[in-house]
Amino acid sequence: MKLFFSIWMLTCVFVNFLKAQSLPWYAINGHDVQAAISLNPAYLFNPDLNSSINVGSATIDYNNNFGYFLNKSFFDLIFNMGDVSVPELQFKKLGFDPAVGIDRDLVGYEMKLNETDLTKIYFSTSWKYTGPGFYKREESGFNWGVTSGIEAFGGVNNYPRQITYGPYRKYSSSDEIQVNKFNGFGDAIVKIGLNGAYEYKIDPKTRFSIGGTLRYIGSLAHFSMTSDAPIESLYFLKRDEVQASNLKLIYQYSHNGPEEFKQIKIGGNGIGGDLGVFFNRKLNYPQVSFFRGGISLTDFGAIWYGKDMKSGEFNINTPTKLSFGKFDKFEGFDQLIDSFEYYITRNPKNSHKQKSGGVSYTPTNLQFTLGCGFMNYGRVHFYFSTPLVQWSPEAFQIGLVPELTFRMLNILVPFSYNQWTGFRLGAGVNLSFLTIGTDDVRTFRSREQLKSGSFYVGINLNKFVKKVRKSRQQSSHAYHTEFMLGVM
């Protein structure tokens, strides 16, 4: 349905990048302190770590099975988002027959709809900049930090491919299908957080920590759309007209159209946070030096909006004809809502209600990590995460990250499985103060069908304090302080 896809595409283009889930390999070994805190606010670092300054880090992520770009690289797409189009969804403007689709090769940054027989569509992508930030470990066992950042994320979950134009070539008059519940959303936010954790020394070899992060969330833009009940019957009448037996569509939007997206301001205020526990145990085995792990609940929160937000609900309670061609032109969300209201409320059994203001919730995740060290040369990390809300575009994910450790260099090779994208192989390094890499090595080359990509780069300055034994006549310990731009 062009109505739904127009909203999705506008959110992609004008929020820049809508929250995809790549494996957080860069956070899992604790070298990038701010990233590790975002993974688990109770993370236990090298005991010699005194403080860390996060200069800044950037994450870009993209996953979808809605369609693909022909012979493009991930970085090509990043710098040409303004040129993206989907010809199969523009047949009215370009003269295409939706029963055929496009009969030519893709040109430039045109996206081809996926031709596979998938019943559900996902789209999940994000852009995030973190920093500046600061983290400090106190001798008392209390650790604290300050974080900040800006993020744009979102996507589509369980989007039914049957209601897009392109797949109509598989349906004809008198065909009838059912459509399950689906949703899509996009957010752009700024965040400022305060982290605190307390570290307990159970015995000389065992440490345990419990911690949390409390953050302010300011909304720059928000859009959401949820089909809150299955459509029992979608009956195809002719070229661009169907009859829906029922529909319950809930929506929110903070910006009417492209011009308003250019006005950067805080439109909603909220609060959120993370909670976590972590442990670390030193071992005396010849081959295994330590074992550690943790569990965390991340990104829970809510944002409240004033008059800039419009919230509403459409209800179709009796069979109603919908002509998709009526919605082929997009002039803004207000125009789309007014047009849709006009067509469905001609039947008095259908309804539409709208109000100003509202509340949105951030997608919460459960994350679990385990790791062990092998002598002084390597580590192995295990990662698991899952979204805790149905409407989240993020995916169930597991990963295994082998790591080689040297004095000034760590090499990580993440293997991961994502519910949306399947198996992926990545590569990353901690080189002095720099962390850089990806969980998908295909990111750096052109692909015949581009459907995914991810990239991370971060700069952290870590300060270490090493205990030095002194004579018995002097105090039991002295401290040698140094800035170490190497790895932990």
Can you list everything that forms a salt bridge (charged side-chain N to carboxylate O under 4.0 Å, His left out) with [X]? Sequence neighbours excluded, please.
X	result
K321	none
R447	none
E199	R137, R207
D83	none

Discussion item. If you take the centroid of each ring, where Trp contributes its six-membered ring, are F142 and Y198 closer together than 6.0 Å?
Written reply: no

Worksheet item: Strictly under 6.0 Å, is that where the ring centroids of F75 and F455 end up?
Response: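 Close enough - the centres of the two rings lie under 6.0 Å apart.
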
With a 3.5 Å cut-off and no angle check, do the side chains of [X] and [Y] form a donor-acceptor pair?
X	Y	result
S73	D76	yes
T435	H31	yes
S454	D439	yes
N195	T213	yes
N430	D32	no
Q34	T130	no
Q367	N40	no

If the condition is side-chain contact (heavy atoms from CB on, under 4.5 Å), which residues does [X] pass it with, not counting sequence neighbours?
X	result
S52	V33, Y135, N460, N462
K310	Y253, D334, Q354
L366	I295, T386, L388

Fill in: Nearest heavy atoms of G211 and A42, plus distance in Å
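Here G211 and A42 meet closest at N-CB, 3.4 Å.
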
Worksheet entry | Smallest separation among heavy atoms of A197 and S209, with atom names | CB-OG, 3.8 Å

Discussion item. If the condition is side-chain hydrogen bond (donor to acceptor under 3.5 Å, both in side chains), which residues does W144 pass it with, not counting sequence neighbours?
Written reply: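 So W144 forms a side-chain hydrogen bond (donor to acceptor under 3.5 Å, both in side chains) with E138.
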
Worksheet item: Stepwise, does the side chain to side chain contact (heavy atoms under 4.5 Å, CB included) test hold for Y383 with F368?
Response: CA-CA 6 Å; Y383 173 80; F368 177 75; over 6 Å; no

Practice prompt. Would you confirm whether S339, through its side chain, and L336, through its main-chain N or O, come within 3.5 Å as a donor-acceptor pair?
Written response: no

Worksheet item: Does S311 use its side chain to pair, donor to acceptor, with the backbone of Q252 at less than 3.5 Å?
Response: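 Such a contact is absent between S311 side chain and Q252 backbone.
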
Discussion item. W127 vs I150, test: side chain to side chain contact (heavy atoms under 4.5 Å, CB included). Steps then yes/no.
Written reply: CA-CA 9 Å; W127 171 89; I150 183 171; 3.7 Å; yes

Fill in: Derivation and outcome, side chain to side chain donor-acceptor pair (under 3.5 Å), residues T320 and N350
CA-CA 9 Å; T320 301; N350 299 331; 3.0 Å; yes

Test of understanding: with ring pair (Phe, Tyr, Trp, His ring centres under 6.0 Å), list the residues that count as partners of [X], not counting sequence neighbours.
X	answer
F423	Y417
Y305	H222
F382	none
H352	Y251, F314

Worksheet entry | Residues D61, K128: salt bridge by 4.0 Å N-O rule |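 Not counted as a salt bridge, because no side-chain N and carboxylate O are separated by less than 4.0 Å.
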
Worksheet item: Please walk me through it: do S351 and E313 pass side chain to side chain contact (heavy atoms under 4.5 Å, CB included)?
Response: CA-CA 8 Å; S351 66; E313 179 180 317; over 6 Å; no

Discussion item. Applying side chain to side chain contact (heavy atoms under 4.5 Å, CB included) to K72 and Y109, what does each step give before you reach the verdict?
Written reply: CA-CA 8 Å; K72 293 291 184 291; Y109 292 89; 3.6 Å; yes

